Number of protein chains: 2
Amino acid sequence: MIKASGPPQIAAWRLMLETHADLMERFEVVFRDSHGLSLTEFDTLINMPPDTPIRHRDLVQSLVVTRSALSRLLRRFEERGIVTQTADVDDQRGIRVALTPEGVELREAAAKSNAEVIFSAFSGLTVEEADTLYELVSKIRPEGAGTES
Amino acid sequence: MIKASGPPQIAAWRLMLETHADLMERFEVVFRDSHGLSLTEFDTLINMPPDTPIRHRDLVQSLVVTRSALSRLLRRFEERGIVTQTADVDDQRGIRVALTPEGVELREAAAKSNAEVIFSAFSGLTVEEADTLYELVSKIRPEGAGTES
DNA sequence: ATATTATTGTTGACAGCGCAACAATCTGAT
DNA sequence: ATCAGATTGTTGCGCTGTCAACAATAATAT
């Protein structure tokens, strides 16, 4: 709501921060109320292949949590009947995580909710504007070869 | 790095998510290593008036934490000599939080780091592009008057 | 004045995360 | 074959957050 003041870069980033926070809060409410999932749990679920077992090692690479957090999260999923975990026959160190039928169902329902929230939030933008937004955001470089020199 | 596929709204949001995560990680490292601050602590510090005491009640409104978290965070700040807390003479329920000189200094230094990271990340965009980005992001409506009708 | 209600900040209990240490297992050099 | 080193997932611990209950104080109604 606050009109842009100061450097436009900072104004843009502030607005992105605020928008991110608002949308994430919306996701959190929807996932919790509709599916009993936290944001981390949703992210984990969505990154699991619906048909193929996956190793912790491979799954954790798509996520923002540590191995230990994933280990505990998957135990919770196991207790809820969302996944099964079995030793990998080829590599006895590994665990193969597979979605149960309930897990697949939950994953699909959550993905649908996710898309609905996004389309709802983006309903004020045309397709062209969404493309432009994509292009502009892709120019932001966190590891920016910065301000030096 | 992944080329946009599927609906552009979802592609744009995914990219925003990823960019947000990358930049936040960068902030986290900078604040921790340079100033010994977590993201929450930085946010709190930056939202404190440099010259005027502020009540918990008022400060918490600018933040994304609960009263209890703020209460504990401010105690940590107090122990580090960053703030002082004194009872409000007008309202005995209230606490007036004020930055110490060290706190003011830390706040300024952290704000400077913050701006540097932003400018660095946005160095690939022109000012006009940053303005356009602002305009497009402002069209995203979390509480979107959605997809209905 | 007095009783009821709202507010403000703190505390206890608990949940989830990261880090470091660990045991089990695999890999690769010799 | 054997042994040093890397990989993989789990666990203990501490930190930080939320939620619910609480005590102290202020505001409001009667």
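Note that these values count all heavy atoms, side chains included, but never hydrogens, waters or copies made by symmetry. Throughout, protein chains are lettered first and strands after them, A, B, ... in sequence-line order, and every chain is numbered starting at 1. These numbers come from a predicted model, not from an experiment.
- An OP1 or OP2 oxygen of C:dT27 is reached within less than 4.0 angstrom by no side-chain nitrogen or oxygen of A:Arg93.
- Counting to the nearest Å, the C1' atom of C:dC17 and the CG atom of A:Leu39 are 14 Å from each other.
- Donor-acceptor pairing under 3.5 Å, judged by distance alone, is present between the side chain of A:Arg72 and the base of C:dG18.
- Checked against A:His56 for a side-chain hydrogen bond (donor to acceptor under 3.5 Å, both in side chains), the options A:Arg67, A:Arg93, A:Gln85, A:Gln61 give a single hit: A:Gln85.
- Of the residues A:Leu70, A:Ile46, A:Thr40, the one that meets the side chain to side chain contact (heavy atoms under 4.5 Å, CB included) test with A:Leu63 is A:Leu70.
- Both A:Arg67 and B:Ile95 lie close to DNA chain C; mapped to their nearest nucleotides by heavy-atom distance, the more 5′-ward contact belongs to B:Ile95.
- Rounded to whole angstrom, the span from the CG atom of A:Asp90 across to the P atom of C:dC26 amounts to 10 Å.
- Distance CG (A:Leu73) to C1' (C:dG16): 9 Å, rounded to an integer number of Å.
- Taking atom CG of residue A:Leu74 and atom C1' of nucleotide C:dC17, one finds them 15 Å apart after rounding to whole Å.
- Residue A:Thr40 has a polar side-chain atom (N or O) positioned under 4.0 Å from OP1 or OP2 of C:dC17.
- Between D:dG17 and B:Arg76, a contact under 4.0 Å exists linking OP1 or OP2 to a side-chain N or O.
- Looking at the side chain of A:Gln92, the nearest of the listed nucleotides D:dG9, C:dT25, C:dT11 is C:dT25.
- Atom CG in A:Leu70 sits roughly 15 Å away from atom P in C:dC19 (whole-Å rounding).
- Residue B:Arg75 has no polar side-chain atom (N or O) positioned under 4.0 Å from OP1 or OP2 of C:dT10.
- Here the nucleotide nearest the side chain of A:Ser68, chosen from C:dT8, D:dT18, C:dC19, is C:dC19.
- When each of B:Arg55 and A:Asp88 is assigned the nucleotide of DNA chain C with its nearest heavy atom, B:Arg55 is the one assigned upstream, toward the 5' end.
- Counting non-hydrogen atoms under 4.0 angstrom, A:Val64 reaches the backbone sugars and phosphates but no base.
- Rounding to whole angstrom units, CZ of residue B:Arg80 and C1' of D:dC15 are separated by 14 Å.
- Taking every side-chain heavy atom of B:Arg57 into account, C:dG9 is the closest of D:dA26, C:dG9, D:dG9.
- In this structure, the CD1 atom of A:Ile54 is 14 Å from the C1' atom of D:dT8, given to the nearest Å.
- Taking the six-membered ring where tryptophan is involved, the planes of A:Phe122 and B:Trp13 are perpendicular, since the angle between them exceeds 60° and thus also 30°.
- For C:dC17, the OP1/OP2 oxygens have no side-chain nitrogen or oxygen of A:Thr66 closer than 4.0 Å.
- Side-chain contact between A:Phe77 and A:Thr100: absent, with no pair of heavy atoms (C-beta onward) separated by less than 4.5 Å.
- The CG-C1' distance, from A:Leu59 to D:dT8, rounds to 14 Å in whole Å.
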> Would B:Thr66 and B:Ser68 count as a side chain to side chain donor-acceptor pair (under 3.5 Å) if you check the C-alpha gap in whole Å, the side-chain angles of each, and the deciding distance to 0.1 Å?
Replying inline: CA-CA 5 Å; B:Thr66 57; B:Ser68 57; 3.2 Å; yes

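- Using cut-offs of 30° and 60° for the angle between ring planes, the A:Phe31 and A:Phe42 rings count as parallel.
- Close to D:dT10, at under 4.0 Å from its OP1 or OP2, lies a side-chain N or O of A:His56.
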